[in-house]
Structures are given as structure tokens and as C-alpha cells.
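Encoded as C-alpha cells, the structure appears first; notes follow it.
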Amino acid sequence: MLTSWSSVRLNRSDLEVAPLGLASGYGVSGRDVERAFERGVNFFYWGSLRSADFGAALKRLGARDRARMKVVVQSYARWPSGIGKSLDKALRELGFDYADVLLLGWWNLPPRASILDAAAEVIRSGRARKLMISCHHRPTFPALARDPRVDLLMIRYNAAHPGAERDVFPHLPAERPGIVTYTTTSWGQLLDRALVPQGERLPTATDCYRFVLSNPDVNACWAGPRDAGQLDQALAALDAGPMSEEELAWMRRVGAVVRDRTKLRARGMGVADRLMNAISGFGFRSTAELG
């Protein structure tokens with residue numbers, strides 16, 4: 001049962017973590033990061049947004065119990081030499097000798113061979129132990145999953161964006177990478193009374209985390225709490241356990257309406273994707289145009 005405090009194995013990566021991880025940069029205090037660790041959260045995402053207080057908490061935790069922590073460090077570098085440099089900078093900030101996972105962020109098509117070679121060299125050197133790739137283009141994930149160098153995948157998945165159930169999960173190999181999801185509340189849209197249809201109960205953040213972690217194809221998901229209250233809502237999902245079929249159906253009804261009402265936001269993300277695709281060497285194309 002993923003929606004619990006029991007550790008889960010992230011598939012072929014062999015990493016074992018609590019199924020809920022904490023992402024830096026959203027405002028939760030370092031004291032609350034340490035409180036979550038004492039509750040059992042041991043999975044941390046040092047991403048593109050990096051709160052100094054969050055980082056200080058990781059540094060304190062690492063000084064006393066680094067072996068129990070599993071830390072993901074993200075790099076958006078688009079040239080081979082930049083990957084090691086960006087990782088080393090993050091390690092210096094945290095006072096760590098290594099990252100458990102190097103995350104190559106936002107590759108909507110498989111990275112060039114030179115990028116993957118540079119990542120492999122970082123792992124051979126011991127500065128990172130596993131490789132993760134994030135992507136906004138769902139058809140790319142099966143190809144990434146078949147690459148033995150890729151240990152984990154980071155996938156957008158929530159009640160308003162359930163497309164991975166159709167385009168990703170059924171197409172992964174039997175020996176699959178670890179699956180970690182993000183945007184569990186759809187940037188808070190699933191919690192917005194103005195977007196949720198009248199007559200339906202308004203979801204809480206706890207509901208959103210329970211929905212995602214009730215899916216057996218998901219190993220873990222990220223939470224990005226702004227404060228202690230939001231952290232408590234995320235942690236409560238592990239106390240509450242998986243959703244019933246009735247609850248899952250309710251979340252899917254709500255999610256379908258929220259998605260329909262937020263198409264403008266989706267178009268805005270399309271522009272960001274075009275820019276990132278251009279920087280990545282794939283041309284100024286939308287994810288749909290990538291094929």
C-alpha cells in the first residue's frame with residue numbers, strides 16, 4: 001500500500017523512500033523540513049527553486065543522518081560540461097559529498113548522447129548515484145524507460161492531468177524505472193472552489209495526494225508546501241491510506257472539469273515548452289509537434 005508510511009522501492013533504481021517527498025523553494029520552513037524527517041519523510045528534491053532555509057535544514061539533517069536521506073539534485077544544463085558544474089555547486093551549498101539522484105530536468109525528447117554520457121560520468125565519479133529525467137511530453141517516457149542508464153522518471157500526474165494512465169504507465173517495460181510524480185494539486189487548481197463544479201465536494205490537498213498515491217503505477221510523489229499547515233495536509237495522506245473506488249471516481253469527475261476550465265493555463269505552459277524545446281536543440285516546437 002503506497003498511501004502509508006511504509007518505505008517503497010523505486011523500482012529498478014533500488015532506492016527505498018517514504019512515498020511522499022518534499023520539494024524545495026515553496027516556502028516551508030527548515031524547522032518543518034526537520035519535523036517531516038522525524039515523521040519519516042526521507043526523500044528531498046533540491047530543484048530549480050532553492051530556499052536557503054530548506055537547504056540549511058538538509059545540511060543539518062545530513063550532518064547527523066545522511067545515510068537515511070535520499071536527495072535529488074536537479075540540473076537544467078543543456079551542455080555536457082554544465083551538468084557536473086551545476087551538480088557540484090548544489091553539493092557545495094548542501095555540504096554533501098554526493099547526491100542520491102541527479103535529475104536532468106525538462107527533456108521533452110531523449111537527451112543527446114553527449115548529455116547522457118556526461119551524466120554517466122558524474123555517476124561513475126560517485127558525485128551522484130542514480131539518474132532521473134523529467135519530461136512534459138508523455139510519448140517520450142516509454143523510450144526513456146527502455147534506456148538502462150535511466151533509473152527514475154519524473155512525470156506530471158494528478159486528477160486534472162491523468163493522461164499518464166493512458167500514454168505512459170501501460171507502455172513501460174516490466175523492469176521499469178522508479179516513477180515519481182509532481183503537480184499533485186495541479187498548481188492548486190484542484191483546491192479552487194471557483195474551478196470545482198457546484199454540487200461536488202471541494203478536494204483538499206490530502207485528497208489530491210491520496211488520489212495520486214492510490215495508483216499502483218506511482219512509487220512516490222512530491223509535495224511543495226508553503227507552510228506548516230500545507231505540510232500537515234500532505235503528511236495526512238500517508239495517515240489516511242488509499243482512496244476507495246467511490247473516492248477515486250469523485251476525484252476524476254472533479255479533475256475533468258478543472259482541466260476543462262483551465263485550458264488557458266495549459267496554453268501558457270505550451271509557450272514555456274516551446275522555449276525549453278528550442279534551448280534543448282529540438283526547435284521552437286510544442287510538445288505535440290515533437291511527435
Side-chain angles (χ1 to χ4, degrees), residues 1-8 17-47 49-51 53-54 57-58 61 69-70 72 154-162 179-197 200-216 218-259 261-262 265:
M1 183 173 68
L2 297 182
T3 318
S4 76
W5 286 97
S6 298
S7 293
V8 297
V17 301
L20 185 84
L22 291 186
S24 64
Y26 295 91
V28 71
S29 72
R31 182 175 65 179
D32 284 316
V33 172
E34 293 180 85
R35 177 167 64 88
F37 185 71
E38 295 305 321
R39 288 284 312 272
V41 173
N42 66 337
F43 196 29
F44 301 101
Y45 176 21
W46 192 239
L49 299 173
R50 295 174 175 177
S51 158
D53 201 24
F54 193 107
L58 294 187
L61 292 173
M69 303 169 68
K70 299 297 181 286
V72 177
M154 196 165 97
I155 301 175
R156 181 177 68 174
Y157 175 65
N158 57 62
H161 299 93
I179 304 299
V180 183
T181 66
Y182 65 102
T183 64
T184 306
T185 69
S186 187
W187 306 284
Q189 293 167 342
L190 286 163
L191 315 178
D192 188 343
R193 179 76 268 177
L195 297 175
V196 172
E200 296 282 10
R201 178 166 64 88
L202 180 68
T204 65
T206 301
D207 293 321
C208 295
Y209 291 110
R210 289 178 65 215
F211 173 84
V212 167
L213 292 176
S214 293
N215 188 317
V218 174
N219 298 132
C221 71
W222 295 118
R226 289 198 302 267
D227 53 36
Q230 290 190 357
L231 173 62
D232 288 340
Q233 288 190 51
L235 299 181
L238 301 185
D239 296 327
M243 284 189 155
S244 66
E245 290 301 320
E246 182 180 0
E247 290 175 304
L248 291 170
W250 157 64
M251 285 293 292
R252 291 183 188 283
R253 290 196 307 270
V254 170
V257 175
V258 169
R259 179 173 176 80
R261 293 178 175 178
T262 56
R265 169 108 188 210

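Numbers for residues simply follow the sequence, beginning at 1.
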Worksheet item: Are any of the side-chain nitrogens in Asp232 or Arg35 under 4.0 Å away from the carboxylate oxygens of its partner?
Response: yes
Report yes or no: does Asn215 contribute a side-chain atom to a donor-acceptor pair with the main-chain N or O of Val212 at less than 3.5 Å?
no
What one should report as the nearest heavy-atom pair of Ala18 and Asn42 is N-OD1, 2.9 Å
OG1 (Thr181) and CG (Leu213) are apart, to the nearest 0.5 Å, by 6.5 Å
Heavy-atom closest pair (Asp53 atom, Gly30 atom, distance to 0.1 Å) is OD2-N, 2.8 Å
Here the pair of heavy atoms bringing Leu190 nearest to Gly255 is CD2-CA, 3.9 Å
Under 3.5 Å, side chain of Ser186 to main-chain N/O of Gln189, donor-acceptor pair present?
-> no
Exercise. Side-chain contact test, heavy atoms from C-beta onward, threshold under 4.5 Å: evaluate it for Trp5 versus Arg39 and give yes or no.
Key: yes
With side chain to side chain contact (heavy atoms under 4.5 Å, CB included) as the test, would you mind laying out the steps for Phe43 and Val72 before giving the verdict? CA-CA 8 Å; Phe43 196 29; Val72 177; 3.7 Å; yes
Here the gap from His161 atom NE2 to Ile155 atom CD1, rounded to the nearest 0.5 Å, amounts to 14.5 Å
To the nearest 0.5 Å, atom CZ of Phe37 lies from atom CZ of Phe44 at 6.0 Å
- For residues Cys208 and Asn158, determine if any side-chain heavy atom of one lies less than 4.5 Å from a side-chain heavy atom of the other. no
CZ (Arg226) and CG (Asp32) are apart, to the nearest 0.5 Å, by 14.0 Å
So CH2 of Trp250 and OG of Ser244: to nearest 0.5 Å the spacing works out to 10.0 Å
All heavy atoms of Leu235 vs all of Val41, minimum pair found to be CD2-CG2, 3.7 Å
Would Cys221 and Leu20 count as a side chain to side chain contact (heavy atoms under 4.5 Å, CB included) here? Give the steps.
CA-CA 5 Å; Cys221 71; Leu20 185 84; 3.8 Å; yes
The side-chain contact (heavy atoms from CB on, under 4.5 Å) partners of Pro162 (sequence neighbours excluded) come to Tyr157, Glu165, Arg252
For Tyr45, the ring-ring contact (aromatic ring centres under 6.0 Å, His included) test, sequence neighbours excluded, returns Trp222
Phe54 vs Val28, side chain to side chain contact (heavy atoms under 4.5 Å, CB included): CA-CA, chis, key distance, verdict: CA-CA 7 Å; Phe54 193 107; Val28 71; 4.0 Å; yes
Here the pair of heavy atoms bringing Glu34 nearest to Ala57 is CG-CB, 4.1 Å
On a heavy-atom basis, the closest approach of Val33 and Leu22 is CA-CD1, 4.3 Å
(message) Surrounding CD of Glu246 (heavy atoms of other residues, nucleotides or ligands, distance under 6.0 Å), is the total greater than 12?
(response) no
Sub-3.5 Å donor-acceptor pair from the side chain of Ser24 to the main-chain atoms of Ser51, do we have one? no
| said: Determine whether a donor-acceptor pair (N or O, by modelled atom type, separation under 3.5 Å) exists between the side chain of Thr206 and the backbone of Ala236. | reply: no
Interatomic distance, CE@Met251 vs CZ@Arg210, rounded to 0.5 Å, equals 9.5 Å
- side chain to side chain contact (heavy atoms under 4.5 Å, CB included) between Val257 and Glu200, intermediate numbers included: CA-CA 11 Å; Val257 175; Glu200 296 282 10; over 6 Å; no
